[in-house]
*Asks:* 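Sending over a structure as structure tokens; questions will come in a sec.
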Amino acid sequence: MWRCTGPRWSGGGPGSEPEGRFGQRLGWYCAERDEERVSMLPAGKVLAFAAQGERRCLGVRRAGRRLVCPYGAVLDGAGAGDQCARCAQLDRSRSVAADTMADDPRPYGVYLAYFGPGLLKVGITAAERGPARLVEQGAVAYAWLGRGPLMAARRAEALLGSALAVPDRFAKAAKRAARGALPPVPDRVAELAQLHRAAQELTAWPETLQPVEFACADHTELFGLDRIPGEVAELGGMTSGAEIVGEVLTGVGSDVYLRLATGGEGERAAEKGEGAVGGRTGDVGSGRAGRAGGVGPGGVTGRVGGGVAVLDARMLSGWVLGAAVGRVTTVPVRAVGPGVGEREGTGRQEGLF
């Protein structure tokens with residue numbers, strides 16, 4: 001039995017691939033075999049899958065291996081988290097993100113990430129991971145600011161927050177909304193360059209943190225940002241038996257943009273016969289056409305088809321995903337307008353490292 005472990009952007013482990021080879025994937029874990037696999041989510045990929053059984057906690061990763069949740073905890077299908085409270089507590093007991101691993105000897109990079117006009121944040125990541133963390137967060141563009149020991153990187157991050165009011169997180173809704181109205185690349189570069197210059201001119205810059213000259217990396221092509229339309233709906237959480245049927249347009253961070261199938265398109269998806277999740281490859285495949293109908297915008301029952309919706313693929317983690325038997329998406333679909341979400345406000349963001 002293969003359970004989805006959520007979105008990934010590197011097929012062979014953290015930092016194992018150069019940025020030019022990044023591609024959005026879904027991870028899978030089979031506890032009975034203690035094996036992990038990934039399947040690609042390229043543009044044009046047809047998805048037709050259904051949630052089966054209960055969504056279970058994925059346990060804890062230690063030394064590159066996954067330790068199964070000893071409690072067999074059942075998770076809420078509406079959340080993005082893939083751990084129960086006790087496994088999450090154990091995970092954070094030895095975590096840089098939770099400031100419980102201050103003795104980490106690895107060098108760290110300090111970065112500035114751009115998500116849209118006025119949406120610039122500071123963060124740190126292990127230098128060995130390269131740009132992987134920026135891709136995972138869905139950063140539209142970024143620039144390295146400095147490199148050095150963990151505590152020096154932490155001090156620089158705190159310094160930017162106090163001296164320049166640069167946040168270390170943004171709510172997913174704000175990042176999604178910004179993608180719908182991005183300025184030209186030169187404007188993004190100029191905004192990053194201005195903050196980069198101001199940061200390195202701070203008098204309290206940590207002495208052990210080596211400054212890095214400004215160089216902007218842009219993810220327009222990697223994320224296929226030009227394929228995201230102005231009007232995008234939002235897919236809600238999975239429940240047992242709920243189905244998603246559509247075609248991948250592109251992926252940004254943990255988000256997957258899908259063109260939802262109409263009834264006829266659902267039948268054609270089924271005819272492709274790519275198979276269910278798991279098996280030999282762990283692919284997310286197509287199912288048999290069957291019942292019509294679905295859940296419309298705002299959760300109103302009705303046919304869903306033809307529109308574009310975004311799914312936070314983290315909500316798939318912990319589910320066993322089998323072949324869909326229907327023609328259309330039956331999870332809740334919420335119409336939220338251009339870009340999806342609101343620009344205002346910040347909130348808790350997925351892990352920073």
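Note that this is a predicted model, so its numbers are computed, not measured.
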*Asks:* Restricting to non-hydrogen atoms, name the atom on Ile124 and the atom on Ala153 that form the minimum distance, rounded to 0.1 Å.
*Replies:* CG2-O, 3.7 Å

*Asks:* Does any part of the side chain of Leu90, heavy atoms only, come nearer than 4.5 Å to the side chain of Arg62, both counted from C-beta?
*Replies:* yes

*Asks:* Identify every side-chain donor-acceptor pair in residues 159-166 under 3.5 Å, counting partners at least two apart or on other chains, and give the distances.
*Replies:*
{"unit_1": "Ser162", "atom_1": "OG", "unit_2": "Ala158", "atom_2": "O", "d": "3.2"}
{"unit_1": "Ser162", "atom_1": "OG", "unit_2": "Leu159", "atom_2": "O", "d": "3.2"}

*Asks:* Please find the pair of heavy atoms, one from Ala113 and one from Leu134, that lie closest to each other, and give the distance.
*Replies:* CB-CD1, 3.8 Å

*Asks:* Between Val189 and Cys216, what is the shortest heavy-atom contact and its length?
*Replies:* CG2-SG, 3.8 Å

*Asks:* Measure the CD-CG distance between Gln83 and Leu75 for me, rounded to the nearest 0.5 Å.
*Replies:* 9.0 Å

*Asks:* Mind checking the CZ-CG spacing from Phe214 to Leu192? Nearest 0.5 Å is all I need.
*Replies:* 5.5 Å

*Asks:* Pair Trp2, Val320 - check side-chain contact (heavy atoms from CB on, under 4.5 Å), show working.
*Replies:* CA-CA 6 Å; Trp2 292 87; Val320 172; over 6 Å; no

*Asks:* Kindly write out the residues that satisfy salt bridge (charged side-chain N to carboxylate O under 4.0 Å, His left out) with Arg65, not counting sequence neighbours, or none if the list is empty.
*Replies:*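 Applying salt bridge (charged side-chain N to carboxylate O under 4.0 Å, His left out) to Arg65 gives Asp34.
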
*Asks:* side-chain contact (heavy atoms from CB on, under 4.5 Å) for Val310 and Leu235? Distances and angles first, verdict last.
*Replies:* CA-CA 6 Å; Val310 60; Leu235 293 181; over 6 Å; no

*Asks:* Distance check, rounded to the nearest 0.5 Å: Arg86 atom CZ versus Cys57 atom SG?
*Replies:* 9.5 Å

*Asks:* So which atom in Arg147 and which in Ala127 form the shortest heavy-atom distance, rounded to 0.1 Å?
*Replies:*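 Shortest heavy-atom contact: CZ-CB, 3.7 Å.
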
*Asks:* Are Leu202 and Met151 connected in the hydrophobic side-chain network, where two residues link if heavy atoms are under 4.5 Å apart?
*Replies:*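 Yes: a chain of side-chain contacts under 4.5 Å links Leu202 to Met151.
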
*Asks:* Compare all side-chain heavy atoms of Leu41 with those of Val256 and state whether any distance is below 4.5 angstrom.
*Replies:* yes

*Asks:* Within 45 degrees of the ring normal and closer than 6.0 Å to the centroid, is that where the cationic atom of Lys175 sits relative to Phe115?
*Replies:*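 Yes; both conditions hold, so Lys175 lies above the ring face of Phe115.
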
*Asks:* Hey, what do you get for CZ (Arg155) to CG (Leu150), rounding to the nearest 0.5 Å?
*Replies:*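 So the CZ of Arg155 and the CG of Leu150 are separated by 9.5 Å.
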
*Asks:* Return each pair, listed once, that meets side chain to side chain donor-acceptor pair (under 3.5 Å) where at least one residue sits in residues 180-202; pairs must be two or more places apart or across chains.
*Replies:* Arg188-Asp218, Arg188-Thr220

*Asks:* Salt bridge or not for Glu234 and Arg334, using N-O below 4.0 Å?
*Replies:*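 Yes, Glu234 and Arg334 are salt-bridged.
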
*Asks:* Taking the side chain as every heavy atom from C-beta outward, state whether Ile244 and Met238 have any atom pair closer than 4.5 Å.
*Replies:*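 Contact flag for Ile244/Met238 side chains = yes.
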
*Asks:* Give the minimum heavy-atom separation between Gly236 and Leu311, together with the two atoms involved.
*Replies:*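 Residues Gly236 and Leu311, closest heavy atoms: O-CD1, 4.4 Å.
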
*Asks:* Can you tell me how far the CZ atom of Phe223 sits from the CG atom of Asp255, to the nearest 0.5 Å?
*Replies:* 10.0 Å

*Asks:* CG of Asp76 to SG of Cys84: how many Å apart, nearest 0.5 Å?
*Replies:* 13.5 Å

*Asks:* Return yes if a side-chain donor-acceptor contact under 3.5 Å exists between Trp28 and Ser39, otherwise no.
*Replies:*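 On atom types as modelled, these side chains qualify, holding a pair under 3.5 Å.
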
*Asks:* Within the supplied structure, the quantity of interest is the number of heavy atoms (other residues, nucleotides, ligands) at a distance under 6.0 Å from Glu32 CD; does it exceed 12?
*Replies:* yes

*Asks:* Could you check Met40 against Val248 for side-chain contact (heavy atoms from CB on, under 4.5 Å), going step by step and ending with a plain yes or no?
*Replies:* CA-CA 11 Å; Met40 295 292 294; Val248 176; over 6 Å; no

*Asks:* At their closest point, which heavy atom of Gly241 faces which heavy atom of Thr330, and how far apart are they?
*Replies:* O-OG1, 4.4 Å

*Asks:* Going by the rule side-chain hydrogen bond (donor to acceptor under 3.5 Å, both in side chains), which residues pair with Arg56 if we only count those two or more places apart in sequence or in a different chain?
*Replies:*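 Result, side-chain hydrogen bond (donor to acceptor under 3.5 Å, both in side chains) vs Arg56: Glu54.
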
*Asks:* Report the C-alpha separation of Glu243 and Val325 in whole Å, then their side-chain angles, then the decisive distance to 0.1 Å, and conclude whether the side-chain contact (heavy atoms from CB on, under 4.5 Å) test is met.
*Replies:* CA-CA 8 Å; Glu243 301 186 347; Val325 297; 3.2 Å; yes

*Asks:* Hydrophobic cluster membership, with links at side-chain heavy-atom distances under 4.5 Å among I/L/V/M/F/W/Y: are Val60 and Leu58 in one?
*Replies:*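 Shared cluster, no.
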
*Asks:* Can you sort out the partners of Arg227 under side-chain hydrogen bond (donor to acceptor under 3.5 Å, both in side chains), two or more places apart, ordered by chain and number?
*Replies:* Thr250

*Asks:* Is any side-chain heavy atom of Arg33 closer than 4.5 Å to a side-chain heavy atom of Met1?
*Replies:* no

*Asks:* Using only heavy-atom distances, determine whether the side chains of Arg3 and Ser317 contain a donor-acceptor pair under 3.5 Å.
*Replies:*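 No donor-acceptor contact under 3.5 Å links the two side chains.
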
*Asks:* Are there over 12 heavy-atom neighbours, none belonging to Glu35, within less than 6.0 Å of that residue's CD?
*Replies:* yes

*Asks:* For Trp319 and Phe49, what are the C-alpha separation, side-chain angles and deciding distance, and is it a ring-ring contact (aromatic ring centres under 6.0 Å, His included)?
*Replies:* CA-CA 11 Å; Trp319 284 107; Phe49 59 85; over 10 Å; no

*Asks:* Taking Val185 as the starting point, is it possible to reach Leu112 by hopping between hydrophobic residues whose side chains are less than 4.5 Å apart?
*Replies:*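 Linked, Leu112 and Val185 end up in one cluster.
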
*Asks:* Are Lys121 and Gln137 close enough that a side-chain donor and a side-chain acceptor fall under 3.5 Å?
*Replies:* yes

*Asks:* For Glu36, enumerate each residue passing the salt bridge (charged side-chain N to carboxylate O under 4.0 Å, His left out) test, keeping only those at least two apart in sequence or located in another chain.
*Replies:* Arg61, Arg66

*Asks:* Classify the ring geometry between His219 and Tyr142 as parallel (under 30°), tilted (30 to 60°) or perpendicular (over 60°).
*Replies:*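 His219 vs Tyr142 ring planes: tilted.
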
*Asks:* If we only count heavy atoms from C-beta on, is the Leu260 to Val328 side-chain gap below 4.5 Å?
*Replies:*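 No. Closest side-chain heavy atoms not under 4.5 Å.
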
*Asks:* Between Glu128 and Tyr108, is any side-chain donor less than 3.5 angstrom from a side-chain acceptor?
*Replies:* no

*Asks:* Name the one of Lys172, Gln24, Glu136, Arg8 that satisfies side chain to side chain donor-acceptor pair (under 3.5 Å) with Ser254?
*Replies:* Lys172

*Asks:* Do Leu209 and Arg154 make a side-chain contact, defined as non-hydrogen atoms from C-beta onward lying under 4.5 Å apart?
*Replies:* no

*Asks:* Less than 4.5 Å apart, any side-chain heavy atom of Tyr29 and any of Val68?
*Replies:* yes

*Asks:* Is Val252 close to Arg179 at the side-chain level, that is, under 4.5 Å between some pair of heavy atoms?
*Replies:*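 Yes, side chains in contact.
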
